[in-house]
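Here is the naming used below: chain letters follow the sequence lines, and residue numbers restart at 1 for every chain. We use all heavy atoms of the structure for the numbers below, so side chains are in, but hydrogens, waters and symmetry mates are not.
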There are 2 protein chains.
Amino acid sequence: MRPTVHDIAAAAGVSLATVDRVLNQRPGVRHVTREKVEKAIREIGYVRDVAAANLAKGRTYSFVFILPASDNSFMHGLNGEVRVAIARSSVERTNIRTIEVPAFDPRALVQILDELGDERPSGIALVATDAPEVRDAVDRLVQDGIPVVTLVSDLTGSQRHHYAGVDNIAAGRTAARLLGRFLGGARGEIAVLAGSMLVRDHRERLEGFAAVMAAEFPSLSILPVIEGRDDPEVAHMLVADALSRKSGIIGVYSLGAGNRGLIRALKEKAVDRSLTVIAHELTAHTRAALLDGTIDAILNQDAGHEVRSAIRVLKAKADGLAVIEAQERIRLDIFLKDNLP
Amino acid sequence: MRPTVHDIAAAAGVSLATVDRVLNQRPGVRHVTREKVEKAIREIGYVRDVAAANLAKGRTYSFVFILPASDNSFMHGLNGEVRVAIARSSVERTNIRTIEVPAFDPRALVQILDELGDERPSGIALVATDAPEVRDAVDRLVQDGIPVVTLVSDLTGSQRHHYAGVDNIAAGRTAARLLGRFLGGARGEIAVLAGSMLVRDHRERLEGFAAVMAAEFPSLSILPVIEGRDDPEVAHMLVADALSRKSGIIGVYSLGAGNRGLIRALKEKAVDRSLTVIAHELTAHTRAALLDGTIDAILNQDAGHEVRSAIRVLKAKADGLAVIEAQERIRLDIFLKDNLP
DNA sequence: CCAAATTTGATGTACGTAAATCAAAATCTG
DNA sequence: CAGATTTTGATTTACGTACATCAAATTTGG
């Protein structure tokens, strides 16, 4: 049987009330007594029954998800997953709400974060814009004792408790190796389509991609990055243009969102050429393109996993519990046409 | 605020005792009254507070994991993950125990299952040996109302509630495409190393592999399957022999466990040749081989995820709750040297 | 050493559900 | 319609923890 507060009291030779004072850091306990109780807790291996505690407290966790107001497929999906979590939230004693902030706008983000500092929710998850003032705002929250996790995009050097997202450098490296191996030693040029180099995940993916390309596939040269702003129209125009001008292109790496334009350009311009294409984010469009052979591989992060992981971690932090690291690691999914979910 | 049993009572105009009788399917409630209560439950959207219920019941889930007594790295890892879960089990109100059965021995497995039928644990997870008598034994348990999930290896046509493992046909197909693309149109022979064709996962992987190879990479021919019995020594001997005899081998697919022998053979015999190698299961050995270039890609199923998923599903089934399908899908991990965890 | 302050104990209620008991009411049987 | 039977209500205790209150014991300061 699992030890209870009564067992602590008996073991430490004190009353239940004193145990309670120690457990919940209430005042009015002499130092020696406190230590006696803490020793007993350690010795009998007591672990608070979180379910019973939450029941007694009538606690509901209030979590806030701060998401950028960009309307690409991935962010839509992420938004949807948060809504799914909200639908389930009454059952899980959580109260989740979302706040939309303009994308790539550090000041707006900082303002929201500062406001939340007063409100003191049980936890905050945010898609971080990587800027020093955002880092400072997050650090203030953490210092205030509010659990904070970054979602999808991390925050350099901040004290956030956890990052629920993939390793984007590794993602870029993986894309490079897949592309390089698929091209099997051929010589040619690689077009890279990004959303914006101002976004940290995109920068990191490119960094990893370029590193492996340079080191291991010297016969392939990377063309200057095309910034499509995650906008299908812009991407379509720029990619179509590049394909017309450069006949040496034999591969494409699309590391951002807004692949709809890319796919359209590929279908128009590359029917005659055999391009090898690696793209990020599994959506209805990229899935179809993978199946019909326009895209050769898709790298993906599972938004549902990221959201659920963020919630689990926030809960654990709010309860002062440890997280299972291996469980919370967000994996990079590699999809070929054969292993689509 | 979330509705409680009191709210049901008020809404249905009955007493708490009657609500309890309906909720916990106790006898002594007239049909019309029962329906009245059930209607109220639906209308106010009541969901039982599982935490409070378990607290009141003093319930601990007793789960049994039936694992084969084979000593390859993967099964070791699986065993370890179950032990990790056991270590955490007191905190989660679960009582998990493992039973080892001889591998590939349907009768032994059936005997254990029948014994468990009398004992009536809260749930059973088993690495299934795919045989009709095992299926029948599982179906008996399911009919008896005991939650059953298959782990790693599924059971054809059975009524098990869930399968916590990867889609092995898709895994084989993925391996074929990776190998085919990595070889980039070259012509040659592919050696396939399996554990035993008596194991369902191995058969399925081969099936998927052969299908894609035949359909999409006709320049590659698959040699007769080498059965290494998941034993490093046997595998080493057989692979070394094959490599000596067949000079046309340009690729290897190792779909079973026991890769230690394979790797040794590759290092001895293939220093001069450039083989493309795809293997299953990430272990210390395969990881090292991937990093030093002996292996080109590793397909993996995360044993920790499988075990945790099995437990979550068993719990949900024991409580009569729905599972989050997307969360419980076990993904096929593809590791290149760049995205190792 | 006494009064004041601090520490500790004893006790009760609450959270939402399960489970049991006993009495009261409704329904059925002959 | 009486009596047996079934159904329903009312009430209590319990699970493990949180939190509050009041009294008792202990320590501290002057």
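Ion pairing between A/Arg88 and A/Glu92 holds under the 4.0 Å rule for side-chain N and carboxylate O. Taking the charged nitrogens against the carboxylate oxygens, B/Arg140 and B/Asp114 do have a contact shorter than 4.0 Å, which makes a salt bridge. We find that A/Arg160 and A/Asp139 are not joined by a salt bridge, their nearest charged nitrogen and carboxylate oxygen being 4.0 Å or further apart. Salt-bridge check for A/Glu328 with A/Arg312: passed, with a basic side-chain N closer than 4.0 Å to an acidic carboxylate O. In summary, B/Lys39 and B/Glu43 engage in a salt bridge, as defined by a charged side-chain N under 4.0 Å from a carboxylate O.
Listed nucleotides D/dT7, C/dA19, C/dT8 differ in distance to B/Asn24; the shortest reach to its side chain belongs to C/dA19.
Scanning residues 8-22 of chain A for heavy-atom distances under 4.0 Å to DNA chain C yields A/Gly13, A/Val14, A/Ser15, A/Ala17, A/Thr18, A/Arg21. Contacts with DNA chain D (heavy atom under 4.0 Å) in residues 38-60 of chain B: B/Leu55, B/Ala56, listed by number. The stretch residues 312-323 of chain B has no heavy atom under 4.0 angstrom from DNA chain C at all.
The two atoms that bring A/Arg59 and A/Ala318 nearest to each other are NH2-CB, 3.8 Å, heavy atoms only. Considering all non-hydrogen atoms of both residues, B/Leu141 and B/Leu116 come closest at CD2-C, 4.4 Å.
For the residue pair A/Arg331/A/Asn300, the side-chain donor-acceptor check at 3.5 Å is not satisfied.
Between A/Glu92 atom CD and C/dG16 atom C1' the separation is 17 Å, expressed in whole Å. Between A/Arg26 atom CZ and C/dT6 atom P the separation is 19 Å, expressed in whole Å. Nucleotide C/dG9 holds its C1' atom 16 Å from the CZ atom of A/Arg34, rounded to whole Å. Summarising the geometry, the separation between CG on A/Leu23 and P on D/dC19 is reported as 11 Å, rounded to the nearest angstrom. Nucleotide C/dT27 holds its C1' atom 17 Å from the NE2 atom of B/His31, rounded to whole Å.
Side chain of A/Thr60 to backbone of A/Asn95: no donor-acceptor contact under 3.5 angstrom is found. A side-chain donor-acceptor contact under 3.5 Å links B/His161 to the backbone of B/Val148.
Between B/Arg2 and C/dG16, a side-chain N or O to OP1/OP2 separation shorter than 4.0 Å is absent. A sub-4.0 Å separation between OP1 or OP2 of D/dT6 and a side-chain N or O of B/Arg30 is absent.
For the side-chain contact (heavy atoms from CB on, under 4.5 Å) with A/Val307, the qualifying choice from A/Val82, A/Ile86, A/Asn79 is A/Val82, the only one to do so.
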